[in-house]
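Structure record follows, encoded as structure tokens.
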Amino acid sequence: MKRSREAQQNPAVKLVKGVGIGVLSALLSMLLLLTLVSLVLKVAGSVSQSAAGIVTVVIAAGGGFIGGNVTARILKSRGLMAGLLTALIVAFVVFIIGFFLSGNDIQGTNLIKHGILIIGGCAGGVMGANHRSRRK
């Protein structure tokens with residue numbers, strides 16, 4: 001029991017736990033949104049390439065925002081740093097997956113997408129750290 005209390009009070013353990021949960025929530029939310037959008041596009045039929053690109057950028061920003069927000073709410077402080085760290089890890093994971101699935105092709109649009117994901121993560125972190133609970 002004493003060991004678990006020490007782990008909860010250690011800021012490094014709390015940071016790793018918060019970022020891990022934030023990264024998982026960001027990746028799962030992005031996967032869920034991409035699945036939902038792909039089902040909608042399948043029913044709708046043909047969609048232009050530019051519209052699909054815009055949707056993926058919005059989903060990346062939303063996933064980064066959710067991940068940063070979750071991390072900052074767990075940490076309850078340092079929102080910008082928490083969101084940035086979470087978004088950097090998510091962007092790295094998405095980059096590695098895309099790098100291997102696309103045949104080792106790096107495009108400028110992907111770098112812009114990752115940049116927007118990181119900005120979304122920072123915004124989510126700041127909003128999550130500044131969130132006030134409704135309980136009094």
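Here the structure is a predicted model, which means the values were calculated and not measured.
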- Message: Test of understanding: clusters of I, L, V, M, F, W, Y form through side-chain heavy atoms closer than 4.5 Å, transitively. Do Ile89 and Leu84 belong to the same one?
- Response: no
- Provide the closest heavy-atom pair for Gly125 versus Ala72 in the form atom of the first, atom of the second, distance. O-CB, 3.1 Å
- Message: Assigning hydrophobic clusters by single linkage (Ile, Leu, Val, Met, Phe, Trp, Tyr; side-chain heavy-atom cutoff under 4.5 Å), is Val94 placed with Phe65?
- Response: no
- Message: Can you give me the closest heavy-atom contact between Ala82 and Leu75, atom names plus distance?
- Response: CB-CD1, 3.7 Å
- Message: Applying side chain to side chain contact (heavy atoms under 4.5 Å, CB included), can you list everything that pairs with Leu111, at least two apart in sequence or on another chain?
- Response: none
- Message: Is there a path of hydrophobic side-chain contacts, each under 4.5 Å between heavy atoms, that joins Val93 and Val90?
- Response: yes
- Query: Between Ala60 and Lys113, which heavy-atom pair has the shortest distance, and what is it?
  - Reply: CB-CG, 4.2 Å
Just list the side-chain donor-acceptor pairs under 3.5 Å for residues 33-45, sequence neighbours left out, or say none.
| residue | atom | partner | partner atom | Å |
| --- | --- | --- | --- | --- |
| Thr35 | OG1 | Leu31 | O | 2.8 |
| Ser38 | OG | Leu34 | O | 3.3 |
| Ser38 | OG | Thr35 | O | 2.8 |

- Rounded to the nearest 0.5 Å, what separation is found between the CD1 atom of Ile74 and the NZ atom of Lys76? 8.5 Å
- Item | Interatomic distance, Leu88 atom CG to His114 atom NE2 [nearest 0.5 angstrom] | 11.5 Å
- Item | Residues in side-chain hydrogen bond (donor to acceptor under 3.5 Å, both in side chains) contact with Arg78, at least two apart in sequence or another chain | none
- Message: Quick one: does any side-chain atom of Thr86 pair with a main-chain N or O of Gly68 as donor and acceptor, under 3.5 Å?
- Response: no
- Item | Reported CG-to-CG distance for the pair Leu32 and Leu27, which is rounded to 0.5 angstrom | 12.5 Å
- Item | side chain to side chain contact (heavy atoms under 4.5 Å, CB included) involving Ile66 - partner list, sequence neighbours excluded | Ser25, Ser29, Val70
Between side-chain atoms of residues 115-124 and protein atoms elsewhere (two or more places apart, or another chain), which donor-acceptor pairs fall under 3.5 Å?
none

- By side chain to side chain contact (heavy atoms under 4.5 Å, CB included), which residues pair with Val126, not counting sequence neighbours? Leu80, Asn130
- Item | From Leu15 atom CG to Leu85 atom CG, the distance as rounded to the nearest 0.5 Å | 6.0 Å
